[in-house]
Amino acid sequence: MRSDLYNSLFKIIPIVFIWLYLFTNASNAQTTLFELKDNTQEVFITKAVIGVFIDSSQRVSNNDITNVPDALFVPSNGHTIANLYPKATYWLKFKVVDNSVNKKWLIESFNYRINNIQIVIPSLKYTSKPMGDTFNFKDRDVKHKNFLFSLPPLSPYQQTIYIKVYSKQTTNLQFVLREANYFTSYAIYEYFLLGIFYGVILMVALYNLFLFFVFKRSPFIYYFAYILSTILYFMTNDGTCFHFLWPTHPSLNQYAFQITHFLMVIFFCFYAKSFLQIDNLYPFINKVFKWFVIIRIILFLVSITTGYFFGTHILYIDYLPFVFAYVTAVLLYKKDKSNYMFFIIAFTIIFICFTINGLRLMRVIPSNLFSFYAIYVGVMFEMLFLTLGLSTKLNSIIKFGILKDRVNKLLSNKLKDSSRAISLQGSLIKEREAEIETLFYRLSHDIKGPLKSIKGLALLGLMEEGSDKKYYDMILERLEHLNFMTDDFVEISKIKKETTLSKHPINIRIFVKSIIAALPQIEQDTDFNLILTFEKEETHFGEPELLRTIFQNIIENSYQYRNLNTTQSYLKIKINSELEGLTVIFEDNGIGVPEDLKKNIFQMFFRANETKDNTSTGLGLYIVKIAVEKMNGTISFSSTLGIGTKFEIFVPKMK
């Protein structure tokens, strides 16, 4: 398939250029006088029969033109005449002999982007009204996209005709002399073909817009924008924009060509990058595209803001993205990526046609029907093959989508099986947790009876004379520790087993003071200060037993780990009871928590200082944490070793 592609390209390119050469030479037939006969339909005004006078002062009037010596009318140096000095007025002079019978003749300008045109025939005392892209379209005698001048009846005697041209921007001056009836049929045929051209590529644009909404793939929307900007560019280039879109706003004509040409090139860059996947495959070419877009935007802004138009020189720059896209497509095709075969064919055709159009604009080849409409034909074929290329890629996307759906379905089934397994495991885990909690609760309660019996026997032993009281004291100490741990276990079990919380109104000031009163050892210790601050005292609605557990454990924890080397230990409790909930801040100047132990402070059986207090169960802060979480609250803490610790708790008000 690859060799067939190359063979086809090598056959197409030489044939096109040979055709261009023959057509160009055929259109350059030279003569010294236009003789109009009954069988004459049109005559292209070529360089061999025309003289050009450049009036740089713009002082020569229509009446004075006959006084200009023939020596000042010089032949054109190219296939096409161009106003290389935009500030000057150009006078084109040619001679005609009309030997036809009752024929009417028109002069037509192919290039509608000329500011001012007039036809002057001194021998007939005829001067047309001015026409150009700076005048409203409705003021034209003939409502055609090109500039048309109906000539008065000519005679069989030699007559000199002058065409006066003024344009602020450099442009080609292309004129043809046509018989009126032939022009009518030609114009109808031309508009018919243009209608087909714009209709076809507009349908292609809408088709790609539809594909974008269906598949959400960027190449489709970029291709749609590229086609749409191409349509506007060609309509601006052939005058149909002025005819149909803004006939009463001629000022737009001065910028429309630059804007539409810029948009077409920029959207092509985005389309080519996306379609060819240059970002991932060829980073260097991707950088070239990025820099081109940046430079092209800068040139466009300079052109629009300053009014300086780069003319045909911008074509040299705008060829770059087409060349790089073409090279990239060839490289991808060599990797057996068949999606890019149609891209290569499309851009081979459009590259040839753009070259023809560029040679026409640079006046290397004459401006005629072939060179003017070659790019239209090229765009038609480009759109055809690019659409085929996108269709090929679309088939790949669909096939990939089907495969992806199958994989997703398989994964979905696997996930369902996994979900069922996870759900079953979760149920088993919950059952085991419930069993462990029940066992934990029973053990905590059942062990309290034997502990009380042992404690009673130890007290009796102390009362007997002659007994070793030291060992009984040790037994009582260990029993007390075991009793504290059992109480904590019971508390943990109670909190975890509680499924619903009771809601009670709590006067927070009375509530806190009652907790402190239940801790007489702490309250009466003159070396330890409890400082209470109440900022707001809205009635709090919540679970009082859980709140009591939180306050009691943190106060006891602060007291146990107070700094005995400090002259005055303290615990500051700041309470703020608002509509949203209860905020409590506990801040002490105790021994603090080492940095490496902070992550474990809320873990079960964790004690920050093993030597400080062997009677601590290591469950206090764990109980605080689960109690806060049970009420959907939050707890945070900060601590500095040797400075103190700060806890901040928020418990929302129960609804």
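Starting from 1, each residue takes its place in the sequence as its number.
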Which residues pass the salt bridge (Lys or Arg N to Asp or Glu O under 4.0 Å) test with [X], sequence neighbours left out?
X      : result
Glu108 : Arg178
Asp70  : Lys93
Lys164 : none

Step by step, work out the salt bridge (Lys or Arg N to Asp or Glu O under 4.0 Å) result for Asp238 and Lys145. CA-CA 7 Å; Asp238 60 31; Lys145 65 184 185 65; 5.3 Å; no
Would you kindly say whether [X] and [Y] are connected by a side-chain donor-acceptor distance under 3.5 Å?
X      : Y      : answer
Thr248 : Asn136 : no
Ser61  : Asp64  : yes
Tyr191 : Thr240 : no
Asp55  : Ser57  : yes

From CA spacing to verdict: salt bridge (Lys or Arg N to Asp or Glu O under 4.0 Å), Arg296, Asp318: CA-CA 8 Å; Arg296 192 62 178 84; Asp318 288 344; 2.8 Å; yes
Check whether Asn208 reaches the backbone of Val204 with its side chain - one donor and one acceptor, N or O, closer than 3.5 Å. yes
When you measure from the side chain of His249 to the backbone N and O of Ser251, does any donor-acceptor pair fall under 3.5 Å? no
Could you pull out all residues at least two apart from [X] that satisfy ring-ring contact (aromatic ring centres under 6.0 Å, His included)?
X      : answer
Phe147 : none
Phe234 : Phe197, Tyr376
Tyr226 : Phe268

Give a yes/no verdict on a cation-pi contact between Arg217 and Phe212, requiring under 6.0 Å between NZ or CZ and the six-membered ring centre and an angle within 45° of the axis. no
Ion pair Asp141/Lys129, N-O distance below 4.0 Å: yes
